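Heads up: the structure comes next, in structure tokens.
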Amino acid sequence: MKAYDIVIAGGAMAGATAALALDTLSRGTLRIAVVEAMLPDHGDHPGYDARSIALAEGSCAAFAKLGLWEALAPFGTPIQHIHVSDRGHAGQTRIDASSLGVPYLGQVIELADAGAVLHQKLKNREAIDVFCPDAVVAITRSPDAVTVTLKQGQPIVASLLVAADGGRSPCCAQLNIPRQQHDFGQVAVIANVSTALPHQGQAFERFTQTGPVALLPMSQGRCSLVWCVAPSEAQQLMEASDSVFLQRLQQVFGWRLGRLLYVGERHIYPLALNQVVRPVSHRVAVVGNAAQSLHPIAGQGFNLGLRDVITLADTLSAAAEQGDDIGAMPILMDYAKRRTSDRDSTVALTSGLVHLFSNDSMLLAGARNAGLGVMSALERVKQPLVQRTMGWVEPR
Ligand SMILES: Cc1cc2nc3c(=O)[nH]c(=O)nc-3n(C[C@H](O)[C@H](O)[C@H](O)COP(=O)(O)OP(=O)(O)OC[C@H]3O[C@@H](n4cnc5c(N)ncnc54)[C@H](O)[C@@H]3O)c2cc1C
């Protein structure tokens, strides 16, 4: 039986980063196994798919501290300005990198590019073994260890299992780790869009009667679209021809980037808040989307997951250095405690925004009736929103 200090289930953004952070912070002293079901360049990869995500400035800095940003940076498109507006009302607000004294507010990266970079890095680390394609199919726990059985038959024993296996987390399901779920009744339609005017590093978030629509700046002058709508509307948008889709989008987004010219392949993601009640259990720690999957309204999902990963790596490396058992409950409780405030605040902020800007929000209805629109409602959450948009949340 192969023995490791840590076995990580899932090798997408959270799992791969967790392995690299643990290896870096422990200076290669922890033996780590990463089990990932799909090769990074697989067309149906659930983690390294067609999405682009915005990494907050604080997340780019965290990657830099881990020595990973240099390899990721060539694939990033900097966000210089964020432009928030309300369809049908004049109000708008802007956040500019220059006024905050930073070179950029964040960077947009395609998950497929990030996946290729991170997997290459995993291969080059001596203390990390990658089992891919393979999957964790069974987990048994004893007082001192956790044993996982892989699909290809191999058992692995470790002091700790890190579940980084995504929002549906088969590991958490198998271990009956309690979860809370809230369906937002919305679906995100994503696609890449080309526009007549250059994006010039601008990211747009626009609140509309049917849901928020975001355009993020991307490489080759393209923009990454995240359009949140009711499930029935999403179906129509998926079935619409390119020209009808672009016309509908132009109506809700407006003309800030001129005519919308082309749309690439479309994909849909049902949106639900799905979180474990507590991100630890006997010999198990949970990170990333497995710990909490958020609505993408403010681009917080992986930025929050990265802070899980860094705190976990910091907690475990310090414990290992002291010669402590890294899978022991007091160490895991320390990790859970350090994550509580950030998790709670980020979940509350994103869910609060979804509710605030939903059609049945009394607050927004009141503001709209008074002719104030979204912007006055937004003032109430602007400060924490800017802080989290920048990722200026110290992992504790
Ligand atoms: C439309 C949309 C837009 C978004 N925009 C942003 C944004 O701008 N900024 C941001 O920070 N976040 C954003 N997010 C969130 C972000 O994409 C996720 O938080 C992040 O990609 C989750 O990574 P993960 O590794 O935790 O989970 P996943 O990507 O779900 O990866 C889980 C991995 O585990 C593997 N796996 C599952 N079961 C097993 C098993 N039994 N054994 C082995 N492997 C297994 C899977 O193959 C998969 O690779 C967005 C999300 C959506 C849907």
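Each ligand, and each atom within it, is numbered from 1 in the order the structure gives. Given the structure is predicted, the values throughout are model-derived calculations rather than measurements.
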Original post:
For ligand 1, does A14 get within less than 4.0 Å through its side chain, its backbone, both, or neither, judged by non-hydrogen atoms?
Top reply: both
Original post:
Can G305 be said to touch ligand 1, with heavy atoms closer than 4.0 Å?
Top reply: no
Original post:
Under 3.5 Å, N or O to N or O, is N289 touching ligand 1 that way?
Top reply: yes
Original post:
With atoms numbered from 1 as shown, which atoms in ligand 1 lie under 4.0 angstrom from a non-hydrogen atom of H45?
Top reply: 49 (O)
Original post:
Relative to atom 30 (O) of ligand 1, which among G166, A37, A54 owns the nearest non-hydrogen atom?
Top reply: G166
Original post:
Are any of the N or O atoms of I53 closer than 3.5 Å to those of ligand 1?
Top reply: no
**OP:** Output yes when the distance from some N or O of ligand 1 to some N or O of L111 is under 3.5 Å, and no in every other case.
**Re:** no
Subject >> Criterion ring-ring contact (aromatic ring centres under 6.0 Å, His included) on F184 and H182, from CA distance to verdict >> reply: CA-CA 6 Å; F184 291 116; H182 170 72; 5.3 Å; yes
Subject >> Contact atoms of ligand 1, heavy-atom distance to G288 under 4.0 Å >> reply: 26 (O)
**OP:** Would you tell me whether D41 and Y48 have side-chain atoms, one donor and one acceptor, within less than 3.5 Å of each other?
**Re:** no
**OP:** Answer with yes or no whether the side chains of Q292 and R343 bring together a donor and an acceptor at under 3.5 Å.
**Re:** yes
Original post:
Where is the nearest protein heavy atom to atom 12 (N) of ligand 1: which residue, which atom, and how far?
Top reply: F302 N, 3.0 Å
Original post:
Going by heavy atoms, is R168 under 4.0 Å from ligand 1?
Top reply: no
Subject >> Option of least heavy-atom distance to atom 16 (C) of ligand 1 (set: Q300, Q292, R51) >> reply: R51
Subject >> Side chain, backbone, both or neither: S169 near ligand 1, heavy atoms under 4.0 Å >> reply: neither
Original post:
What is the closest protein heavy atom to atom 1 (C) of ligand 1, and at what distance does it sit?
Top reply: I190 CG2, 3.6 Å
**OP:** Compute whether any side-chain donor of one residue and acceptor of the other, for T340 and D344, lie under 3.5 angstrom apart.
**Re:** no
**OP:** May I ask you to check whether over 12 heavy atoms, not counting those of Q181, lie within 6.0 Å of atom CD?
**Re:** yes
Subject >> Between T315 and R338, a side-chain donor and acceptor under 3.5 Å >> reply: yes
Subject >> I32: which of V162, L122, I128, D5 passes side-chain contact (heavy atoms from CB on, under 4.5 Å) >> reply: I128
Original post:
Can you list the steps and then say if S85 with R206 is a side chain to side chain donor-acceptor pair (under 3.5 Å)?
Top reply: CA-CA 5 Å; S85 61; R206 187 152 172 79; 2.8 Å; yes
Original post:
If we ignore angles and hydrogens, is there a donor and acceptor under 3.5 Å between the side chains of R27 and S317?
Top reply: no
Original post:
Which of the atoms in ligand 1, numbered in the order shown and given with their element, are less than 4.0 Å from a heavy-atom of A164?
Top reply: 32 (C), 33 (C), 34 (O)
**OP:** Identify, for atom 29 (O) of ligand 1, the protein heavy atom at the shortest distance, and state residue, atom and that distance.
**Re:** G47 CA, 3.2 Å
**OP:** Show which atoms of ligand 1 fall inside a sub-4.0 Å distance from at least one heavy-atom site of P170.
**Re:** 38 (N)
**OP:** Report the nearest protein non-hydrogen atom to atom 3 (C) of ligand 1: residue, atom name, distance rounded to 0.1 Å.
**Re:** P296 CB, 3.6 Å
Original post:
Which residue supplies the protein heavy atom nearest to atom 39 (C) of ligand 1, what is that atom called, and how far is it?
Top reply: D165 CB, 3.9 Å
Original post:
What are the two closest heavy atoms between H199 and L257, and how far apart are they?
Top reply: CA-CD2, 3.8 Å
Subject >> Distance-only N or O hit between ligand 1 and E36, under 3.5 Å >> reply: yes
Original post:
Considering only the protein, which heavy-atom contact is closest to atom 23 (O) of ligand 1, and what is its distance?
Top reply: M13 CB, 3.9 Å
Original post:
Is the NZ or CZ atom of R256 positioned over F204's six-membered ring, under 6.0 angstrom from the centre and within 45° of the axis?
Top reply: no
**OP:** Examine V136 against ligand 1 and note whether any of their N/O atoms are separated by less than 3.5 Å.
**Re:** yes
Original post:
For atom 43 (C) of ligand 1, which protein heavy atom lies nearest, and how many Å away is it?
Top reply: V35 O, 3.3 Å
**OP:** Check ligand 1 against A135 and write out every atom of the ligand that is under 4.0 Å from a heavy-atom position of the residue.
**Re:** 42 (N), 43 (C)
Subject >> Donor on one side chain, acceptor on other, Q247 and Q251, under 3.5 Å >> reply: no
**OP:** Answer with yes or no whether the side chains of R94 and S99 bring together a donor and an acceptor at under 3.5 Å.
**Re:** no
Original post:
Would you call R266-D242 a salt bridge at under 4.0 Å N-O?
Top reply: yes
Subject >> Side-chain donor-acceptor contact under 3.5 Å, H295 with Q186 >> reply: yes
**OP:** May I ask you to list the atoms of ligand 1 that are less than 4.0 angstrom from any heavy atom of G301?
**Re:** 10 (C), 11 (O), 12 (N), 15 (C), 19 (O)
**OP:** For ligand 1, indicate whether the residue A12 contacts it via side chain, backbone, both or neither (heavy-atom separation under 4.0 Å).
**Re:** both
